[in-house]
Protein chains: 2
Amino acid sequence: MTQPDPTIASAPKLGRKRDHTRDPEILDAALAVLAETGYDGMTIDMVAARAKAGKATLYRRWPSKAELVIDAVACMKKNMHGNEPLPDTGTLRGDLVAMIKPHSLQESDTKLQIMAGLMSMISQAPELADAANEAIMKPRTELNRVLMRRAVERGEISPDCDIDTISMITPSMVAYRTLMLKKPVDREFLLSLIDGVVLPALGLGHETWSEALSS
Amino acid sequence: MTQPDPTIASAPKLGRKRDHTRDPEILDAALAVLAETGYDGMTIDMVAARAKAGKATLYRRWPSKAELVIDAVACMKKNMHGNEPLPDTGTLRGDLVAMIKPHSLQESDTKLQIMAGLMSMISQAPELADAANEAIMKPRTELNRVLMRRAVERGEISPDCDIDTISMITPSMVAYRTLMLKKPVDREFLLSLIDGVVLPALGLGHETWSEALSS
DNA sequence: TGGTTCCGATACTTGACAGTACCGTATATA
DNA sequence: TATATACGGTACTGTCAAGTATCGGAACCA
């Protein structure tokens, strides 16, 4: 809907300093509660309490609970901390492994909890699916795609590979494992995904590694 | 919880013919409503109405809405129609492609809608995750695993392949696409998955096909 | 036919939460 | 300092659904 951009306050004229200064805190609180309890379990009072705001303040700014959540998801992308620079180790496997970091696992888990909380809403408002994907899944997919494209240019993998599909393998299977299997996504699992699925699918199978090692 | 097994009626003695005869219809209705509206949107009245039963009948049999749903999911596996025989075309690709059938796509979609409806509940009752997986995801994964193991025995693919992980690719990505992307899962998508991901990951890349074709 | 038991329907109670109204206060402008 | 505005807090209303209570009818058995 609207952005919590504090730079375009609409003519305050008199009175308080600025409009809607608390928006970011409120949206963050909404995402946190959403991740913890899901859309249906979440109440406006919970969000207000966590943001140390009054319930009325939320309704002055957003017309309904649904709009608040939609706005929170839409703003999530911007509010996410700037991505660290891409790894560049020289090999695709090195790059993929370098992306496994505790911070990264943590952030991924949080985002997926939010996604889980959104599910019941998504089935009724499919346009929300786009926004959620844009903010939650796409960044990860895009990262993989870039790394793989570089590997193609480097000559490491064939340009015939279906990179668009293969770059979705890890995000999909991580989501599956987190949301439905309720199993932890740790370094070991991701390594088995890289070595057992992603690299073989790109033509970098076990036999190829030994070739690479001996050369 | 308990099974709707009509064979173990507990001593009717006098009066009506048998106990809990309507259980299967009620559980089916519960799954249908669950798929359509999700757990939170689902009301006991909806289930009762769809099963042409009284609300009190449901509460005579299950102590709460949650227990009803848990029971419905647990019984889903048994109530599913016996699986058709496995395809056996001689090649793994042939087998995998043979499993793409309209009926199969339809069933898969229904199951995933149920899974979506369960999500909000799963985050609060992780033991339900196991049951849901057993009934919804595992059958499909298991099918793939069997086909791939046969391919290993046949010498078509290497025994070093991580079959356990690779057999989950298709189910995961179909779930991802249906639940989060809200895009249709059609024959074309599944073919691109088989040819672009699964077979390459098993060492049956494009180059291998031409070899196979020319031999 | 009479008695027993389950079923479908409906009316009812209760609690939770979305959304509203209002009040006292803090703060920034003039 | 005076004033207008947004804020935090809280009390209120209306709705909706979970769960309960009850009743008439139907099926079954002796």
Side-chain angles (χ1 to χ4, degrees), chain A residues 1-2 4-6 8-27 29-30 33-34 36-72 117 120-121 124-125, chain B residues 2 4 6 8-27 29-30 33-34 36-72 117 120-121 124-125:
Chain A
M1 271 294 136
T2 25
D5 189 349
I8 51 162
S10 49
K13 288 182 177 176
L14 277 182
R16 206 57 187 302
K17 50 175 180 180
R18 205 72 84 66
D19 274 8
H20 305 317
T21 310
R22 304 289 319 279
D23 279 16
E25 286 103 310
I26 295 173
L27 293 172
V33 176
L34 189 61
E36 283 169 20
T37 70
Y39 178 77
D40 301 280
M42 151 184 172
T43 71
I44 296 288
D45 296 83
M46 287 184 202
V47 179
R50 178 178 283 247
K52 290 193 182 33
K55 186 158 62 153
T57 304
L58 303 200
Y59 280 105
R60 276 178 207 119
R61 179 72 182 73
W62 294 275
S64 72
K65 175 181 166 183
E67 300 266 1
L68 167 64
V69 169
I70 290 172
D71 209 17
S120 66
M121 217 184 160
Q124 284 159 3
Chain B
T2 26
I8 50 161
S10 49
K13 289 181 176 177
L14 277 183
R16 206 62 184 302
K17 50 175 180 180
R18 203 72 82 71
D19 275 6
H20 305 317
T21 310
R22 302 287 320 279
D23 278 17
E25 286 103 310
I26 294 173
L27 293 172
V33 176
L34 188 62
E36 283 170 19
T37 70
Y39 177 75
D40 301 281
M42 150 182 172
T43 70
I44 296 289
D45 295 86
M46 285 185 204
V47 179
R50 180 179 284 247
K52 290 194 180 36
K55 185 159 62 153
T57 304
L58 303 203
Y59 279 104
R60 277 179 206 119
R61 180 72 182 71
W62 295 275
S64 72
K65 175 181 164 183
E67 301 266 3
L68 167 64
V69 170
I70 290 172
D71 208 17
S120 66
M121 216 184 161
Q124 285 160 1

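What's counted below: heavy atoms across the whole structure, side chains too, no hydrogens, waters or symmetry copies. Numbers restart at 1 for each chain; the letters A, B, ... are given by sequence-line order, proteins then strands.
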- Task: Go through D/dT20, C/dC17, D/dC23 for me and flag the one nearest to the A/T43 side chain.
- Result: C/dC17

- Which of these, B/V69, B/L27, B/I44, sits in a side chain to side chain contact (heavy atoms under 4.5 Å, CB included) with B/W62? B/L27

- Message: How many whole angstroms separate atom CD1 of B/I26 from atom P of C/dA9?
- Response: 12 Å

- Distance in angstrom units between B/I44 CD1 and C/dA9 C1', rounded: 16 Å

- Message: Measuring only between side-chain heavy atoms, which start at C-beta, is B/I26 closer than 4.5 Å to B/R61?
- Response: no

- Under 4.0 angstrom, heavy atoms only, what part of the nucleic acid is A/A56 near: base, sugar-phosphate, or nothing? base

- Any idea which heavy atoms bring A/T37 and B/Q124 closest together, and the distance? O-NE2, 4.1 Å

- Query: Which whole-number value in Å describes the distance from A/W62 CH2 to D/dC7 P?
  - Reply: 10 Å

- Message: Please report the distance, rounded to the nearest Å, between CG in A/L68 and C1' in C/dG19.
- Response: 13 Å

- Separation of D/dG9 P from A/R60 CZ (nearest whole Å): 12 Å

- Mind checking B/M42 for me? I need base, sugar-phosphate or nothing, with any heavy atom below 4.0 Å counting as a touch. sugar-phosphate

- Item | Atom pair distance, as rounded to whole Å: CZ in A/R61 and P in D/dG8 | 14 Å

- Item | Note, B/V47 side chain near B/K65 side chain (heavy atom, < 4.5 Å) | no

- Message: In this structure, how many angstroms lie between the P atom of C/dT14 and the OH atom of B/Y59, rounded?
- Response: 16 Å

- Message: Please report the distance, rounded to the nearest Å, between CG in A/D45 and C1' in D/dC12.
- Response: 13 Å

- Item | DNA chain C: 5'-proximal contact among B/A51 and A/P63 (nearest heavy atom) | B/A51

- Message: Checking contacts here: which listed nucleotide (D/dG8, C/dT20, C/dA9) is nearest the side-chain heavy atoms of A/K55?
- Response: C/dT20

